[in-house]
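What's counted below: heavy atoms across the whole structure, side chains too, no hydrogens, waters or symmetry copies.
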Amino acid sequence: MNYVHFEISQKFFFDAAHTLNREIEADSSRRIHGHTYYAEATVSGQPDPLTGMVVDLGFVRLAIEQLRPQLDHRMLDDVAGLGPATLENLCAFIWRALLPSLPQLSSVRVWRDSIGDSCTLRARPVSSVVTAALK
């Protein structure tokens, strides 16, 4: 059984504003403020023997190009389906938007360089026990 796989990633960014109802740092969070967010979508798998690629990065960039306008220069509080504009919700939103076009999606990371925080959403690997049971 081959446990080795490749990961191919594409980074992008978007600038957006939001508010957030928090218990700590509450005043500054409740006021409208903005960030430059960085995101990275990663696909995993084995390279196709004919192309040598896990996925053509052109398809990854196309999926991101279709998603990015939903977030860039937006008030995140108003983005349908996002919920509170947390890093966790941004990861989940990006995941849901990219997965139909990128079935090999294995992780989405969102971070803000200016304050050094990040969140990563990863697909859970299917255990060998589950894989064996499905055969």
Side-chain angles (χ1 to χ4, degrees):
M1 184 171 233
N2 189 354
Y3 291 103
V4 176
H5 70 273
F6 292 85
E7 294 182 339
I8 303 296
S9 298
Q10 180 67 51
K11 293 180 185 178
F12 64 102
F13 74 95
F14 56 95
D15 296 307
H18 71 109
T19 62
L20 200 57
N21 189 11
R22 300 174 59 199
E23 291 183 29
I24 191 167
E25 301 172 351
D27 288 339
S28 61
S29 293
R30 287 188 184 121
R31 288 192 300 267
I32 295 173
H33 61 284
H35 304 281
T36 296
Y37 292 91
Y38 296 90
E40 180 177 48
T42 302
V43 295
S44 299
Q46 296 298 314
D48 180 283
L50 296 175
T51 65
M53 296 181 277
V54 173
V55 64
D56 186 323
L57 280 170
F59 290 118
V60 178
R61 285 190 284 274
L62 179 62
I64 290 169
E65 286 173 19
Q66 293 170 347
L67 158 71
R68 195 169 174 270
Q70 296 175 56
L71 301 171
D72 192 40
H73 288 87
R74 299 289 178 184
M75 178 64 171
L76 296 178
D77 299 15
D78 299 333
V79 174
L82 177 60
T86 62
L87 294 174
E88 296 89 343
N89 283 343
L90 284 165
C91 280
F93 182 87
I94 293 168
W95 181 280
R96 289 189 306 269
L98 296 179
L99 190 60
S101 300
L102 303 172
Q104 294 166 292
L105 188 64
S106 59
S107 70
V108 170
R109 180 175 176 236
V110 176
W111 69 96
R112 299 180 295 194
D113 274 346
S114 62
I115 52 180
D117 51 11
S118 70
C119 179
T120 304
L121 175 61
R122 296 184 198 285
R124 279 198 172 151
V126 177
S127 74
S128 57
V129 173
V130 171
T131 303
L134 294 174
K135 289 185 178 182

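Clustering ILVMFWY residues whenever any of their side-chain heavy atoms sit less than 4.5 angstrom apart, transitively, puts Trp95 in the very cluster that holds Leu82. In this structure, Val60 is a member of the same hydrophobic cluster as Leu99, with clusters built from ILVMFWY side-chain heavy atoms closer than 4.5 Å. Side-chain heavy atoms closer than 4.5 Å link hydrophobic residues (I, L, V, M, F, W, Y) into clusters, and following such links, even through other members, never connects Met53 to Val43.
The neighbour count for Arg122 CZ, taken as heavy atoms of other residues, nucleotides or ligands under 6.0 Å away, does not exceed 12.
Interatomic distance, CZ of Phe6 versus OG of Ser44, reported as 11.0 Å (0.5 Å rounding). Between the CG atom of Asp15 and the NE2 atom of His73 there is a distance of 4.5 Å, given to the nearest 0.5 Å. Going from atom CG of Asp117 over to atom OG1 of Thr86 covers 11.0 Å, rounded to the nearest 0.5 Å. Atom NZ in Lys11 sits 5.0 Å away from atom CH2 in Trp111 (nearest 0.5 Å). Rounded to the nearest 0.5 angstrom, Leu71 CG and Ile94 CD1 are separated by 5.5 Å. Atoms SG and CG, on Cys119 and Leu90 in that order, are 9.0 Å from each other to the nearest 0.5 Å.
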- Query: Would Gln10 and Ile64 count as a side chain to side chain contact (heavy atoms under 4.5 Å, CB included) if you check the C-alpha gap in whole Å, the side-chain angles of each, and the deciding distance to 0.1 Å?
  - Reply: CA-CA 9 Å; Gln10 180 67 51; Ile64 290 169; 3.6 Å; yes
- Assess whether side chain to side chain contact (heavy atoms under 4.5 Å, CB included) is satisfied between Leu67 and Leu98, documenting all intermediate values. CA-CA 8 Å; Leu67 158 71; Leu98 296 179; 4.1 Å; yes
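When all heavy atoms are compared, the tightest approach of Gln70 to Arg74 is O-CG, 3.4 Å. For the pair Arg68 and Phe14, the tightest heavy-atom approach, listed with the atom from each and the gap, is NH2-CA, 4.4 Å. Heavy-atom minimum distance, Ala92 versus Leu121: CA-CD2, 3.9 Å. Across all their heavy atoms, Glu40 and Ser9 have their closest contact at OE2-CB, 3.3 Å. When all heavy atoms are compared, the tightest approach of Arg112 to His35 is NH1-NE2, 3.0 Å. Val54 and Gly45 get closest at one heavy-atom pair: CG2-O, 3.5 Å.
Side-chain contact between Leu105 and Thr42 is absent, with no heavy-atom pair separated by less than 4.5 Å. Taking the side chain as every heavy atom from C-beta outward, Leu62 and Ser101 never approach each other to under 4.5 Å. Side chains of Ile8 and Leu57 form a contact here, defined as non-hydrogen atoms less than 4.5 Å apart. Side chains of Val108 and Thr120 form no contact here, defined as non-hydrogen atoms less than 4.5 Å apart.
In terms of modelled atom types and a separation under 3.5 Å, the side chain of Asn89 and the main chain of Gly83 share no donor-acceptor contact. In this structure, the side chain of Thr19 does not engage the main chain of Arg31 through any donor-acceptor pair within 3.5 Å.
In this pair, His18 and Tyr37 present their aromatic rings tilted. The plane angle is within the 30 to 60° band.
Taking the centre and axis of the six-membered ring of Tyr38, the NZ or CZ atom of Arg109 falls outside the cone set by 45° and 6.0 Å.
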